*Asks:* 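My structure is below; once you've seen it, I'll send some questions.
Only a predicted model underlies this, so the values are computations on that prediction, with no experimental measurement involved. The first residue of the sequence shown is numbered 1, and numbering continues consecutively from there. When reading the values below, keep in mind they use all heavy atoms of this one structure, side chains included, and skip hydrogens, waters and symmetry mates.
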Amino acid sequence: MNYIHNIFDFIHIQYNQKQKEKKKVILLGDGFFARGFLHTINHSKFNIIQIYRDKFINPQDIFYNLQRNEIYTDCYHIRDLFQPKITKIQEDIQTLQINKNNSIINNKFYFHDYLVIGLGSQKSVKSWSEDINNISNINNLVNPEAYNSKNIAIVGMGPVGLELGMILNKNHNVDMFDFLNEEKILSFVNPYYKRYILNSMKDKNMSIHLEQMYNSSNYNHDKVIFCVGNKSNILTKSIQINDKLQSIDYNNVYIGGDCVDSMKYIKNAQCAYQQGVYVAKRLNGTTCDEPFQYISKGISLNIDDKQILIQDHKFIPDGIYPDIMIKMYSFLFV
């Protein structure tokens with residue numbers, strides 16, 4: 001019996017020794033940047049404490065529910081099953097003071113070998129989803145017909161604004177606004193698709209107002225949704241980084257995603273995810289000392305109740321398959 005106890009004691013000691021040898025990482029946030037980081041980091045080398053305000057939300061899940069006039073609820077992602085156990089602390093991060101090996105977060109000291117920050121933009125996706133829910137909740141309205149006649153303004157004709165406007169137009173009167181001219185809008189798709197989208201919007205009686213900023217005094221909309229970019233998180237606005245996403249002041253502090261206050265990096269989900277992967281690879285020691293470079297993996301958009309645009313491919317006329325593809329992507333891979 002003592003022999004068995006000795007074996008278990010030995011295993012316990014070895015386990016604790018390995019835990020002590022691991023580097024400690026504090027990860028702030030749970031967006032696409034954090035997802036890319038957690039899916040790539042070598043968990044056998046690092047103990048990770050993740051502190052975040054809101055659980056991960058994929059905007060495509062919001063659009064999926066919106067197409068069905070359903071309220072968005074938290075979506076299950078199958079990759080979570082294979083995520084190694086880490087320490088999770090869910091709380092709103094209101095104060096952040098960064099030091100080289102110990103940072104103060106919400107007036108608490110956290111010791112770390114690395115601090116990895118992906119706090120997202122000033123307005124969270126959860127807050128944005130609540131705005132959408134307030135529009136889409138027809139079940140709680142006494143007069144759905146009155147609801148369906150509401151006038152909505154979408155400011156910004158980027159991918160998010162375009163997709164949101166095309167979906168909402170099924171039950172609302174939607175006006176689209178952008179400060180760019182017709183030559184520069186929809187630059188994220190090729191000329192053929194751009195013309196197709198503009199003609200489709202015209203067929204749906206969607207008004208397009210270009211080369212102007214939205215002024216509420218000139219229009220009468222029940223709701224205005226801004227999709228014109230994200231303000232950097234106020235907690236990280238002063239942090240300067242190099243081309244390896246490292247803080248200039250502390251080389252063990254990394255920052256990525258929408259909280260980066262820089263025009264150098266595009267603010268979209270793909271870029272944030274790739275930045276998270278890049279930082280994880282640097283910590284793993286599996287990448288060379290090259291600067292971060294964003295590589296577009298293409299684009300897909302819901303542009304109709306029964307159509308999805310896949311850049312450089314085709315429109316798929318099936319009303320079921322596009323939904324399944326988007327849902328399965330979110331369910332399996334994000």
*Asks:* For this output row, return yes or no: ring centroids of Y219 and Y214 closer than 6.0 angstrom.
*Replies:*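 Yes, close enough.
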*Asks:* Going by side-chain heavy atoms closer than 4.5 Å, which hydrophobic residues are tied to Y52, directly or by a chain of links?
*Replies:*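 Besides Y52, the cluster holds no residue at all.
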*Asks:* State, without any angle test, whether H221 and D175 hold a side-chain donor-acceptor pair at a distance under 3.5 Å.
*Replies:*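 Yes.
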*Asks:* Okay, side chain of E211, backbone of F179: is any donor-acceptor separation there less than 3.5 Å?
*Replies:*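 Checking the backbone N and O of F179 against the side chain of E211, no donor-acceptor pair under 3.5 Å is found.
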*Asks:* Evaluate M166 against S200 for side-chain contact (heavy atoms from CB on, under 4.5 Å), listing each step before the verdict.
*Replies:* CA-CA 9 Å; M166 297 292 266; S200 179; 3.8 Å; yes
*Asks:* Would you say K297 and Q270 are linked by a side-chain donor-acceptor pair, where the criterion is simply a distance under 3.5 Å?
*Replies:*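 There is no such pair (donor and acceptor under 3.5 Å, judged by atom type) between the side chains of Q270 and K297.
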*Asks:* Measuring from atom CG of L235 to atom CD of Q97, what distance do you get when rounded to the nearest 0.5 angstrom?
*Replies:*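 Here the rounded value is 12.0 Å.
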*Asks:* Taking it one step at a time, do E182 and K194 satisfy salt bridge (Lys or Arg N to Asp or Glu O under 4.0 Å)?
*Replies:* CA-CA 10 Å; E182 185 170 333; K194 174 177 177 177; over 6 Å; no
*Asks:* Considering residues at least two apart in sequence or located in another chain, which fulfil the side chain to side chain contact (heavy atoms under 4.5 Å, CB included) criterion with T286?
*Replies:*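 By the side chain to side chain contact (heavy atoms under 4.5 Å, CB included) rule, T286 matches K281, N284.
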*Asks:* May I ask you to check whether over 12 heavy atoms, not counting those of Q293, lie within 6.0 Å of atom CD?
*Replies:*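 Atom CD in Q293 is not packed in, count stays at 12 or less.
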*Asks:* At what distance, to the nearest 0.5 angstrom, does CG of L162 lie from CD1 of I154?
*Replies:*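 Rounded to the nearest 0.5 Å, the CG-CD1 separation comes out at 10.0 Å.
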*Asks:* Can you say whether the rings of Y192 and Y196 are parallel (under 30°), tilted (30 to 60°) or perpendicular (over 60°)?
*Replies:*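 The arrangement is tilted - the two ring planes meet at 30° to 60°.
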*Asks:* OG/S124 to CG/N233 distance, rounded to the nearest 0.5 angstrom?
*Replies:*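 Reported value, rounded in 0.5 Å steps: 10.0 Å.
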*Asks:* Output every pair passing ring pair (Phe, Tyr, Trp, His ring centres under 6.0 Å) with a member in residues 238-266, not counting sequence neighbours, ordered by first then second residue.
*Replies:*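 Sorted pair list: Y265-F292.
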*Asks:* Is it possible for you to say whether I239 and Y114 belong to one hydrophobic cluster, with membership spreading through side-chain heavy-atom contacts below 4.5 Å?
*Replies:*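 Both belong to a single hydrophobic cluster.
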*Asks:* Who are the side chain to side chain contact (heavy atoms under 4.5 Å, CB included) partners of E183, not counting sequence neighbours?
*Replies:*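 Scan of E183 (side chain to side chain contact (heavy atoms under 4.5 Å, CB included), adjacent residues dropped) gives N181.
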*Asks:* Sort out for me which residue in I98, L27, I26 forms a side-chain contact (heavy atoms from CB on, under 4.5 Å) with I117.
*Replies:*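 Filter result, single survivor: I98.
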*Asks:* Hey, does the side chain of D178 reach the backbone of G156 with a donor-acceptor pair shorter than 3.5 angstrom?
*Replies:*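 Not a single qualifying donor-acceptor pair exists.
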*Asks:* Any idea how F109 and F111 line up, ring-wise: parallel (<30°), tilted (30 to 60°), or perpendicular (>60°)?
*Replies:*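 Correct class here is parallel.
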*Asks:* Please identify each residue that fulfils side chain to side chain contact (heavy atoms under 4.5 Å, CB included) with S217, with sequence neighbours left out.
*Replies:*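 Only N215 meet the side chain to side chain contact (heavy atoms under 4.5 Å, CB included) criterion with S217.
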*Asks:* Should we say atom NZ of K126 is surrounded by more than 12 heavy atoms from elsewhere, each under 6.0 Å from it?
*Replies:*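 12 or below, so no.
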*Asks:* Quick one: does Q274's side chain have a donor or acceptor within less than 3.5 Å of a partner on I295's backbone?
*Replies:*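 Side chain of Q274 to backbone of I295, a donor-acceptor pair under 3.5 Å: yes, one is there.
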*Asks:* If the condition is side chain to side chain contact (heavy atoms under 4.5 Å, CB included), which residues does A269 pass it with, not counting sequence neighbours?
*Replies:*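 With neighbours one apart ignored, the set is F32.
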*Asks:* Using only heavy-atom distances, determine whether the side chains of S44 and N42 contain a donor-acceptor pair under 3.5 Å.
*Replies:*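 The answer is yes; a qualifying pair exists.
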